[in-house]
Amino acid sequence: MTRNCFKRGVIMTVSSLLVLMLAMPANAGKFKKEYRMTVNVGPSFYWGMGAIKFSELVKEKTGGKINIKPYFGSSLLKGAQLKSPQMVSMGVIDCAFESTINTSPVIPEMNIFSLPFFINNFENLDKLEYGETGRIIFSKMEKVGLTPLAWAENGFRQVTNSKKPILMPDDIKGMRLRVVGSPIFIDTFRALGADPVNMNWGDAQTAFQQGIVDGQENPVGVLLPVQIWQYHKFVTFWNYLVDPCIIYWGTGAWNKFPDEIKTAIKEAAKEAARFEKALCRAGLDQDTSLKILKNEFNYEIKIPDPVKYLENKGVTVSRLSPEGVQAFINATAGVYDKWIPKVGKDLYESAKNDMAK
Ligand code: X2X
């Protein structure tokens, strides 16, 4: 190719690019065609329904400029649910609607929610999330390149099994239980003398079906869509720890959004989180969440009383006596000795302060 020929080629390419740019609408090119969101569970879970709501609201509030596609079942991570925060902070995945458990490998402070028998009701949880503790946790996220947008929920985790009612630590001894791959779960169930095995959620359902494990622990919003009664006839509602979710975005990309887009996405996150939390709490907080769904979202939930629903499916639902709770607290004391230093003594104190308010 002669020099002139090359020059002409370059000029032509540049000018055709200019023509193309002029032909495009003002915002095209500024935003991606699709923003990918990782979600560990499926679309029929309350958590998954919240993720769908978030993407719908974002579309609506940004006038169609921002399109989020939820990728369910951690499919962007090949099921490796604990990898979500790294991938979002690196910008490989744009955003997440994720459990604090799945975020805890990168932000150990998230384990505050997994201390056994520490936060035991919605009131305490709300005090933490909207108090000093929540503020500290959000600031920790910002330090690792994650921009938190709103607190959402998976819920208080309840234990299910195929053997017998769990009322005292002795009942759980030797039980093979699927737990999530976060190490505090292994420590807690070992302290109770159980035989915990960790596996990703994607593998867990097969393990229930095949009876590889005797039991597992998850909130109502997970127990219902997996039809846990098919595998486990015993559920203990022990609220032994809670699993909030957080809607978050990778900071690198977030900072490039214009302010009006940031505001619209944040509003969408807050609204979707309010809806999703109400789904997860429906029938578990008297009629508070049922009213939110009906009055604010014009939404009639299919299962307004999850406990009764489980009982109707032949599940024996148990609750711990005060002595039972104390026995479990005593049996898991060692978990606090090991995990408070990891979570941070200050954060632990602030959580206690928030709950005392
Ligand atoms: O893996 C689990 O148990 C689940 C679905 O609850 C989480 O993602 C933490």
Side-chain angles (χ1 to χ4, degrees), residues 37-51 70-88 93 95-108 110-116 119 125 137 151-161 175-189 194 196-209 212-228 231-232 235-248 276-277 279-281 284 306:
M37 171 163 67
T38 183
V39 186
N40 189 35
V41 295
S44 65
F45 292 58
Y46 293 148
W47 167 359
M49 289 160 67
Y71 284 82
F72 295 105
S74 287
S75 58
L76 295 173
L77 305 163
K78 297 198 169 65
Q81 65 196 74
L82 300 173
K83 293 230 171 92
S84 43
Q86 277 112 307
M87 293 302 151
V88 175
I93 298 173
C95 56
F97 196 128
E98 264 306 326
S99 151
T100 45
I101 296 173
N102 297 335
T103 319
S104 66
V106 168
I107 303 164
M110 299 280 186
N111 286 299
I112 191 82
F113 300 107
S114 300
L115 287 173
I119 305 159
L125 176 62
I137 289 174
W151 289 101
E153 206 145 298
N154 188 14
F156 280 94
R157 298 177 74 93
Q158 321 298 2
V159 64
T160 73
N161 81 91
M175 264 191 202
R176 197 162 174 77
L177 302 176
R178 176 271 170 176
V179 294
V180 59
S182 165
I184 191 170
F185 285 81
I186 294 281
D187 288 345
T188 299
F189 286 95
V197 275
N198 62 39
M199 55 184 85
N200 283 322
W201 177 244
D203 302 320
Q205 292 166 82
T206 325
F208 309 155
Q209 275 157 14
I212 293 167
V213 291
D214 302 317
Q216 62 90 44
E217 46 77 62
N218 250 301
V220 153
V222 171
L223 305 184
L224 298 176
V226 302
Q227 308 194 335
I228 202 72
Y231 324 110
H232 303 154
V235 181
T236 301
F237 273 73
W238 61 350
N239 280 18
Y240 88 120
L241 56 81
V242 67
D243 182 13
C245 285
I246 299 175
I247 307 176
Y248 61 87
E276 191 264 356
K277 269 191 180 186
L279 291 175
C280 291
R281 296 182 182 191
L284 301 171

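Every number for a ligand or one of its atoms is a count from 1 in the order of the listing.
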Original post:
Numbering the atoms of ligand 1 from 1, which are under 4.0 Å from a heavy atom of Val41?
Top reply: 5 (C)
Subject >> Donor-acceptor contact present, side-chain Arg178 to main-chain Phe208, <3.5 Å >> reply: no
Original post:
With no hydrogens and no angle check, is any side-chain donor or acceptor of Asp214 less than 3.5 Å from a backbone partner on Arg176?
Top reply: yes
Original post:
Given that the side chain starts at C-beta and the backbone is N, CA, C, O, which of these parts of Asn200 lies under 4.0 Å from ligand 1, counting heavy atoms, or is it both or neither?
Top reply: neither
Original post:
For ligand 1, is there an N or O atom under 3.5 Å from any N or O atom of Arg157?
Top reply: yes
Subject >> Numbered atoms of ligand 1 (with element) below 4.0 Å of Gln81, judged on heavy atoms >> reply: 1 (O), 2 (C), 7 (C), 8 (O)
Original post:
Has the side chain of Thr236 got a donor or acceptor atom that lies under 3.5 Å from a matching backbone atom of Val159?
Top reply: no
Subject >> Taking atom 3 (O) of ligand 1 as the reference point, the nearest protein heavy atom with its distance >> reply: Arg178 NH1, 2.7 Å
Original post:
Taking it one step at a time, do Gln158 and Asn218 satisfy side-chain hydrogen bond (donor to acceptor under 3.5 Å, both in side chains)?
Top reply: CA-CA 5 Å; Gln158 321 298 2; Asn218 250 301; over 6 Å; no
Original post:
Does Trp201, backbone or side chain, put an N or O under 3.5 Å from an N or O of ligand 1?
Top reply: no
Subject >> Interatomic distance, Asp187 atom CG to Ser182 atom OG [nearest 0.5 angstrom] >> reply: 9.0 Å
**OP:** Please write down residue, atom name and distance for the protein heavy atom closest to atom 8 (O) of ligand 1.
**Re:** Asn40 ND2, 2.7 Å
Original post:
Just checking, is any N or O donor in the side chain of Glu217 or Tyr240 under 3.5 Å from an acceptor N or O on the other one?
Top reply: yes
Original post:
Between Phe45 and ligand 1, which residue portion shows a heavy-atom distance shorter than 4.0 Å: side chain, backbone, both, or neither?
Top reply: neither
Original post:
Taking side chain as C-beta onward, heavy atoms only, is Tyr46 less than 4.5 Å from Glu153?
Top reply: no
**OP:** Please work out whether any backbone atom (N, CA, C, O) or any side-chain heavy atom from C-beta onward of Asp243 is under 4.0 Å from ligand 1, and answer side chain, backbone, both or neither.
**Re:** side chain
Original post:
Between CH2 of Trp47 and SG of Cys280, what distance do you get to the nearest 0.5 Å?
Top reply: 9.5 Å
Original post:
Please state which protein non-hydrogen atom is closest to atom 6 (O) of ligand 1 and give its distance, to 0.1 Å?
Top reply: Asn218 OD1, 2.6 Å
Original post:
Looking only at N/O atoms, are Asn154 and ligand 1 under 3.5 Å apart anywhere?
Top reply: yes
